[in-house]
Structures are given as C-alpha cells and as structure tokens.
S.K.: 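Dropping the structure in here first, questions after.
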2 protein chains.
Amino acid sequence: MPRNRAAPERPALTVDVVIFRLADERLETLLVRRGFPPFKGRWAIPGGFVHKNESLDAAARRELKEETGLEGIYLEQLYTFGDPKRDPRGRVVTVAYFALIPGTAAARAGDDAAEVGWYPLIKLPEIAFDHKNILQYALRRLRYKLEYSAIGFQLLPSEFTLAELQAAYEIILGEPLDKRNFRRRILEADVIEATGDYRSGTVGPRAALYRYRPDAVAEVKARRLFP
Amino acid sequence: MPRNRAAPERPALTVDVVIFRLADERLETLLVRRGFPPFKGRWAIPGGFVHKNESLDAAARRELKEETGLEGIYLEQLYTFGDPKRDPRGRVVTVAYFALIPGTAAARAGDDAAEVGWYPLIKLPEIAFDHKNILQYALRRLRYKLEYSAIGFQLLPSEFTLAELQAAYEIILGEPLDKRNFRRRILEADVIEATGDYRSGTVGPRAALYRYRPDAVAEVKARRLFP
DNA sequence: ACAAAAGTGTTCGATATACACCCATGT
DNA sequence: ACATGGGTGTATATCGAACACTTTTGT
C-alpha cells in the first residue's frame, strides 16, 4: 500500500486479451490492425482501457465480448507489462489476459468495424508495441497449463470426440501423442464424460462424444497430465 | 492496445511486495502498520506508487530496498489486483510481487521509520485492505515454485548445509521430507554445488557447505522436484 | 562415554512408455 | 471389397517412496 508519496504517476491502464482458437489444424490468435500511428498498419492484441468501477477481469471479459461476441469463455490473467517505453505516446500499463474460445464459435468482427484477423502463431504478421512478447508469453503459459491442468477442451465445441481432443493437444504441444496413453490419461483425470451420443456421418466406426464435466476440478495438481 | 476510448480511467498504480524470510523455524513476512485511516492500526504489505519512467520491476525493487536495505534479491511478479472497491479511498490497482530474502540478512526498518514487523504466516495480525488475499496467493505460489523449481536456497545465506536447506523446505511445505530422498533429488537437480568447506563448531560430524550454482537453470521443467 | 547430527543404498510399488490389431461403418 | 478411423491391453523401464545404520565430533 502507498506510503511513499514521492513522484507518483497515474499511468493509463489497459487490458489486452490474447484470444486463442484452433482452426485449420493450427493455433490462431485474433489481432487488430492499427489504423493510426504509432505502429500504423501493424497488428496488435485486442484490448482497451479499464473503465471506472470495473474490475480487471470484467474489463477483459468486456473486451473479449466486444471483439468476438462471446461470453462464458475461459479467461485468465497472464502478466502485467509496464515498461515505461512500451508505448511511445506515453505511459500505458497493460494487464494481459488470455482466452480460449471454441474453434467453431463464429467470432464476429469487432463492433467498431476495425480490421481484425486470425493469424496462426507460427506465422505472425508485423506486430505492434511489445505485443510479440506478450504473445510469446501467452503461448508458453498455454502449453504449460495444457500439460498440468485439463483445459484443452476449452478450445473445442461443447461436445467432442477423443480424437478431436487429442488433435488439439498435439497442435498446441507441437508433438504427436500416443492414442492409447492419451485416452487413458484424459479419462483417468476425470474431467470429461461420455454424453452417450456418437458422431455420425463419417466413414468408419462412430466416435463417442464427450463433454466437459463442470463439476470437475479444473486444476490437476497431483500429477502432470502429459509428462 | 486502446481502441475503445469510452470512459477510460487513470487509476493510481502501486506495487506491493510480499517479502518472505525464514526465522525461528517459521516462514515470516514483513508487514507495515498503518498510521492513518482507512484500516488505521492494521497491517499492510509494504508497497508504494510506481514512479514516472520506472518499470514495474524497478518499482518493486525500489520498495524492497527501501524496506529492507537489500539488493540483488529474488523477486517475481505475482498477480495484479484491481477490484474497484479494494481501497475505500478510490481506485488503486496494485501489481503484487513476492521476494525471498536470506533469513540472516539484517533487514533494517524502513527509511521512513514507520512501524514494521515480521509476522509468521501461520499467525498473522489484523490485515488491511485485500492484503490477506494477496498473502495467501503469494504463499500458494511460493509452495508451488518450491516444488517445481529450485528456489529454496534464496531463503538461506549464500552458503548452507543440506540439512539447513531441507529444514527450509520442510517449513514452507509444512511436511517432513525423507533425508536421503531429499539429498538425492536436490543434488540431481544440479542447482547447488559443494564449496569444499565444512561447517564447524557444532556437535557431531562437520556438515559440508553448498552454494547455489549461478549458471544453473532456475526452472526445473522436466520433473517435479518434490512430488 | 555419550549425545547429536552427517552421510550413505536398496527394495518395492507405482507410474510412464512403447507398441499392433480388430472391427464397424460409409463409399 | 476396401479404405477409414475408433477402440482396446500388456510388457518393460523408469521413477518415487519407504526404510536404518555407521561414523564423526563436541561436551
């Protein structure tokens, strides 16, 4: 708490939300093209000022909804970036968040009709500010969380097959996983359950559909899921 | 980055530094007694405003030095707390850090002669603001980091015996550890090395002294150190 | 001599890893 | 009929957990 009153400052405070989705068998993130300097024409993580009487989480949720139209999305505070020089216009401290949206969710363009686009993380366009750092940080955290907790299904629709879930993990972790070991572990972790339905319309046997168990504990502390 | 310019706000921005040390076989934290309302007489985590042209990390280091006189200390950003009602005087967003200082480091009272004291985490006094939350969060993070990375020696002087290190881990994790397993794991982790000297003046065999290997990688990602 | 504390290996159980075939279904 | 892909079990290696005695030194 403030006791030293020397040279305080009231920096602008923003939230930036790194929004991940799976599409075309890649991990993608939503970026906004800047129409004005600085960094005109380059791409930035969507974000905005924190409003009066608004918590940081609420600000992040609002931004996420403005950009994608989605609510009830997995969202987590990532890190706060406050280098004095990170915005050439003046001091702006940003609290970064990351969000995982289901790949099928039709994320509409932002209300303000700015130019927005999804970009794969392996092939990013020219990035504004220190946002490349933030994206790298978010990716590290996502991979880490995927190994230690069971949040992969946040990137899938509400019902999914085990093959789809495994594919999501493989895309993000960037390595193939053994099918039998994957299924055993994910089921033993007790975070998903079979719906009883099957995916039809495909060649071959019908795959059982699973859903997230909302009553499950999100954090799997005792053991690494995918060591 | 800011694109939505509706109702922005410039909250006061502070850093709070949860400072941990080991003393009297307990984990203690430094607290400052508030001399004025709100929460007059209650105890708060040391902190203060972020200055102009000062990064968040620099602000945290400055606060840490002001309170303890120490430099070159382990310091890590924890989380940012921004509930609009967390300070009754107005909007104050705080970036919380945590620091680990060697138990022997004579942490002098703060420059401003405020009333400060070390308190064991198991028996905290009346806490101001939302600082109890922050302390709990910091303790969780400390325990977690201790299990997955090798930072326990940050709470010990530069040279220490394995018995001392084990005692530190036991205090923080709150459970006894097997001596032989502890020694094997901590040595296999390759973060400490024998100095070649021995601790004398004690009853019984002389214990070998160890030091931190500064070239070692801090994060032990591959495996839990103490599962 | 005795008390205190340092140092040292092995066994056993649990967990992780590697690996291949059968069968249902749609075309 | 055949191509596609879902579903299933086991053997081996690695890792974690539990456990006791000997030796050194100061008093």
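Atom set for the values below is all heavy atoms of this structure, side chains included, hydrogens, waters and symmetry mates excluded. Below, chains carry the letters A, B, ... as their sequence lines are ordered, and counting in each starts from 1.
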S.K.: Tell me whether the side-chain N or O atoms of B:N181 pair up with the base of D:dA18 as donor and acceptor below 3.5 Å, since no angle test is needed here.
M.R.: yes
S.K.: Do B:R199 and D:dT24 have a side chain to base donor-acceptor pair shorter than 3.5 Å?
M.R.: no
S.K.: Once you round it to whole Å, what is the distance between C1' of C:dA6 and CG of B:L165?
M.R.: 15 Å
S.K.: Please check if the side chain of B:T161 supplies one atom and the backbone of B:L209 the other of a donor-acceptor pair under 3.5 Å.
M.R.: no
S.K.: Please determine whether a side-chain nitrogen or oxygen atom of A:R184 lies at a distance below 4.0 Å from atom OP1 or OP2 of D:dT8.
M.R.: no
S.K.: Does the side chain of A:L139 come within less than 4.5 Å of A:F98's, by heavy atoms?
M.R.: no
S.K.: Specify the separation, in whole Å, of atom NZ of A:K179 and atom P of C:dC21.
M.R.: 14 Å
S.K.: Rounded off to whole Å, could you give me the CD-to-P distance for the A:E164 and D:dG5 pair?
M.R.: 12 Å
S.K.: Answer whether the closest heavy-atom distance between the side chains of B:L100 and B:L142 falls below 4.5 Å.
M.R.: yes
S.K.: Verify, without hydrogens or angle tests, whether A:R213 (side chain) and A:D190 (backbone) share a donor-acceptor contact under 3.5 angstrom.
M.R.: yes
S.K.: Taking the side chain as C-beta and beyond, is there a heavy-atom pair between B:V95 and B:Y97 under 4.5 Å?
M.R.: yes
S.K.: Using the closest heavy atom to pick a nucleotide of DNA chain D for each, name whichever of B:R180 or A:L162 lands nearer the 5' end.
M.R.: A:L162
S.K.: Using a 4.0 Å cut-off on protein heavy atoms (strictly under), produce a 5'-to-3' string for nucleotides 22-27 of chain C with B for base contact, S for backbone-only sugar-phosphate contact, and - for none.
M.R.: --BBS-
S.K.: Round to the nearest Å and state the distance from B:R183 atom CZ to D:dA17 atom P.
M.R.: 18 Å
S.K.: Whole angstroms only, please: what is the CD1-P distance between A:I186 and C:dA16?
M.R.: 13 Å
S.K.: Distance-only, no hydrogens or angles: does the B:T195 side chain make a donor-acceptor pair with backbone N or O of B:D197 under 3.5 Å?
M.R.: yes
S.K.: Between atom CG in A:D178 and atom C1' in D:dT8, what is the gap in whole Å?
M.R.: 12 Å
S.K.: Distance check needed: C:dA6 P versus B:L209 CG, whole Å only.
M.R.: 11 Å
S.K.: Provide, to the nearest angstrom, the distance between the CG atom belonging to A:L177 and the C1' atom belonging to C:dA16.
M.R.: 13 Å
S.K.: Please confirm whether the backbone N or O of B:V50 pairs with a side-chain atom of B:R62, one donor and one acceptor, at under 3.5 Å?
M.R.: no
